[in-house]
Amino acid sequence: MSMSGLFKHFPTKEALVFDREDDIRAGLATAVRDCPSGTCALDCLRDMLLSIGTVPDDPQQQAFTELTASTPALRSYARRIGLSNEQALADALIEKSPNAPDAVIAARAIARFILDRAQPWHREDPQRAIDSTIDLLKNGWPAPELGHTPRPAPVTEPQSPARPAGLRERKKALTRRAITDTAVDLFTERGYDQVGVREIAEAAGVSIATLFTYFPDGKASLVFPGGQLTSRSAALVDAVRQRSTGQTIPQAVRDHMSTRGPFASDLNADQQRVLELVRTTPELRDFALNSSIASQDTLATAIAKEAGLAPDDMTARLLACCILQIPFLAQDDTAPRHTLDVVIDLLSRGWPACLSTVQRLE
C-alpha cells in the first residue's frame with residue numbers, strides 16, 4: 001500500500017489501532033431504544049455494557065488493552081471516538097426520560113459517564129465496575145459520609161508575612177507568563193494546529209530549551225502555567241475533606257466548583273478567552289481532561305475515607321471520575337452553573353429521580 005493509500009484509510013497514526021466501524025459502543029443508543037417498555041433504560045445499558053466488557057481471554061485483545069492503557073495519545077483518541085457516540089446515546093435516553101426541563105442535560109451527562117466506562121483501557125473487573133456504574137446513575141450516591149463527622153480544617157500557626165519574591169523568582173514568573181500569553185495569542189489568532197513551539201519561543205523571546213524547561217509536558221501545556229491544573233485538583237480534594245457538617249460530598253463539590261472555572265460569574269476577558277480556546281481545541285481539552293483524571297485516585301481515596309469506605313471502593317472511584325468530568329460537560333453549555341446543579345443532582349439522587357419536581361438539595 002502506498003503512503004497516500006495508507007493515509008486515505010488512516011488519517012492519523014492513532015487511527016491505525018482503532019476501527020470506528022467496529023466500535024461496538026455505537027450500539028449503546030440502539031440498546032436504549034430497543035429497551036422493553038417498563039424496563040429502566042439504564043438496566044438495558046447494563047446488559048449491553050456487560051456484553052462489551054466480558055469478552056473471553058484473548059491475548060490480542062489483552063495486548064490492545066495494555067497498549068491503549070499505557071499510551072496517552074491512544075487513550076485520548078479512544079475517548080474522542082467514544083464521545084462521537086455521545087449525542088446519539090443522549091438522544092435515545094431523552095426519548096426514555098420523563099418530560100422534564102433538565103432531561104437533556106441529565107441524558108448528556110449519563111451518556112458521557114457511560115461512554116467513559118466503556119473505554120477499552122479499564123482494567124477493573126467488568127461485572128463489578130459496570131454494576132457499580134449503573135447503580136450510581138440509577139440510585140445516586142448513598143452519602144455514607146453523613147454518618148461521619150467531617151474533619152475540621154487544619155489549624156495553621158500565624159505566619160510571618162511572606163518575603164517578597166527575589167529577582168530570580170520574579171524573572172521566572174515573567175518568563176512563564178510571557179510564554180503562556182504568547183501561546184494563547186497565537187493559538188487564538190491562527191489556530192492551535194497552525195502554530196509550532198519554535199514560533200512561540202521566538203515570539204516570546206526565549207530559546208526552545210528555555211520553553212521546554214518551563215513547560216516540559218509539551219505544546220498543550222503552554223496554556224496552563226505554573227501547575228494550575230494540579231492546584232485545582234488539590235483544592236477539590238480539600239473541599240471534600242473539609243465539607244460542612246451535614247453536607248454530602250456532591251454538595252461540597254458543587255459549592256466548591258460553583259465559583260471556579262467555567263462556573264465562575266466574574267471571569268475576566270483573558271480567562272474567558274482561554275476557556276473558549278480550550279473548549280474549541282481537542283488537543284487542549286484532552287490535555288486538561290487527562291491532567292484532571294490523573295488526580296482521580298487521590299480524589300477517590302479522599303471520598304472513600306470521608307465516607308468510611310474501603311480505600312479501593314468502586315463507587316467512590318466512580319463518583320470521583322464523574323466529578324472530574326463535570327467542568328468538561330459544562331464547557332459546551334450556555335448556562336454552565338445550571339449544568340453543574342443538574343449533574344450534581346443526578347449523582348446525588350439518580351436518574352430519573354433527579355428529573356422530578358422535588359426541589360434540589362441546597
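Fair warning: this is a prediction, and the values are worked out from it, not measured in the lab. Excluded from the calculations below are hydrogen atoms, water molecules and symmetry mates; all remaining heavy atoms, backbone and side chain alike, are included.
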[X] (side chain) donor-acceptor with [Y] (main chain) under 3.5 angstrom:
X	Y	value
S132	A129	no
R108	L329	yes
T175	K171	yes
E189	L186	no

[atom2] on [Y] to [atom1] on [X], rounded to 0.5 Å:
X	Y	atom1	atom2	value
I208	I200	CD1	CD1	8.5 Å
W141	I249	CH2	CD1	5.5 Å
Q272	L277	CD	CG	13.5 Å
T315	L136	OG1	CG	6.5 Å
L289	I293	CG	CD1	3.5 Å
R232	R260	CZ	CZ	10.5 Å

**OP:** Report the C-alpha distance between M257 and I323 in whole Å, list the side-chain angles of each, state the deciding distance to 0.1 Å, and finish with yes or no for side chain to side chain contact (heavy atoms under 4.5 Å, CB included).
**Re:** CA-CA 10 Å; M257 284 187 172; I323 286 170; 3.8 Å; yes

Subject >> Pairs where residues 31-45 contributes a residue and the test salt bridge (charged side-chain N to carboxylate O under 4.0 Å, His left out) is met, not counting sequence neighbours >> reply: R33-E95, D43-R46, D43-K138

Subject >> salt bridge (charged side-chain N to carboxylate O under 4.0 Å, His left out) contacts in which one or both residues fall within residues 205-220, not counting sequence neighbours >> reply: none

In one Ile/Leu/Val/Met/Phe/Trp/Tyr side-chain cluster, 4.5 Å: [X], [Y]:
X	Y	answer
L42	V104	no
L324	L275	no
L340	L267	no
L347	F328	no

Is there a side-chain contact between [X] and [Y] (heavy atoms, below 4.5 Å)?
X	Y	result
S233	T298	no
S295	V237	no
L346	I105	no
I114	L28	yes
L211	L222	yes
V223	T281	no
I344	I326	yes

What heavy-atom pair brings [X] and [Y] nearest, and what distance separates the two atoms?
X	Y	value
A106	L355	CB-CD2, 3.9 Å
Q251	G246	OE1-O, 4.2 Å
A111	L93	N-CD1, 4.2 Å
T259	A264	O-CB, 3.5 Å
A107	I94	CB-CG1, 3.5 Å
I303	A316	CG2-CB, 3.9 Å

Output all residues satisfying side-chain hydrogen bond (donor to acceptor under 3.5 Å, both in side chains) with [X], sequence neighbours left out; order by chain, then residue number.
X	answer
D297	R317
D255	Q247
D238	none
E202	none

Original post:
More than 12 heavy atoms of other residues, nucleotides or ligands under 6.0 Å from CG of N99: is that the case?
Top reply: no

Original post:
Got a sec: does the CZ of R190 have more than 12 other heavy atoms crowding it under 6.0 Å?
Top reply: yes

Subject >> Which residues share a ring-ring contact (aromatic ring centres under 6.0 Å, His included) with Y192, sequence neighbours left out >> reply: F187

**OP:** Determine, step by step, whether D193 and E283 satisfy the side chain to side chain contact (heavy atoms under 4.5 Å, CB included) criterion, reporting the C-alpha distance in whole Å, the side-chain angles of both residues, the deciding distance to 0.1 Å, and the verdict.
**Re:** CA-CA 9 Å; D193 291 332; E283 291 83 356; 3.5 Å; yes

Subject >> Contacts of type side chain to side chain contact (heavy atoms under 4.5 Å, CB included), residue A330, not counting sequence neighbours >> reply: F263, P336, T339

Original post:
Under the 4.5 Å side-chain heavy-atom rule for ILVMFWY, direct or indirect, which residues accompany L146?
Top reply: none

**OP:** Go through the steps to decide whether C40 and W351 satisfy the test side chain to side chain contact (heavy atoms under 4.5 Å, CB included), and finish with yes or no.
**Re:** CA-CA 10 Å; C40 179; W351 181 91; 4.2 Å; yes

Original post:
Which pairs count as ring-ring contact (aromatic ring centres under 6.0 Å, His included) when at least one residue sits in residues 269-302, sequence neighbours excluded?
Top reply: F224-F287

**OP:** Determine, for R337 against D341, whether the closest basic-nitrogen to carboxylate-oxygen distance falls under 4.0 angstrom.
**Re:** yes

**OP:** May I ask you to say whether E145 pairs ionically with R243, meaning some side-chain N is under 4.0 Å from a carboxylate O?
**Re:** no

Original post:
Between the side chains of D333 and H338, does any donor sit under 3.5 Å from an acceptor?
Top reply: no

Original post:
Does R279 have any salt bridge (charged side-chain N to carboxylate O under 4.0 Å, His left out) partners at least two apart in sequence or in another chain, and if so, which?
Top reply: E276, D332

Original post:
Listed by chain and number, what are the salt bridge (charged side-chain N to carboxylate O under 4.0 Å, His left out) partners of D312, not counting sequence neighbours?
Top reply: none

**OP:** Decide side chain to side chain contact (heavy atoms under 4.5 Å, CB included) for F113 and V343; before the verdict, give the C-alpha distance in whole Å, the side-chain angles of both, and the deciding distance to 0.1 Å.
**Re:** CA-CA 11 Å; F113 300 151; V343 179; 3.9 Å; yes

Original post:
Under 2.5 Å between the sulfurs of C44 and C35, yes or no?
Top reply: yes

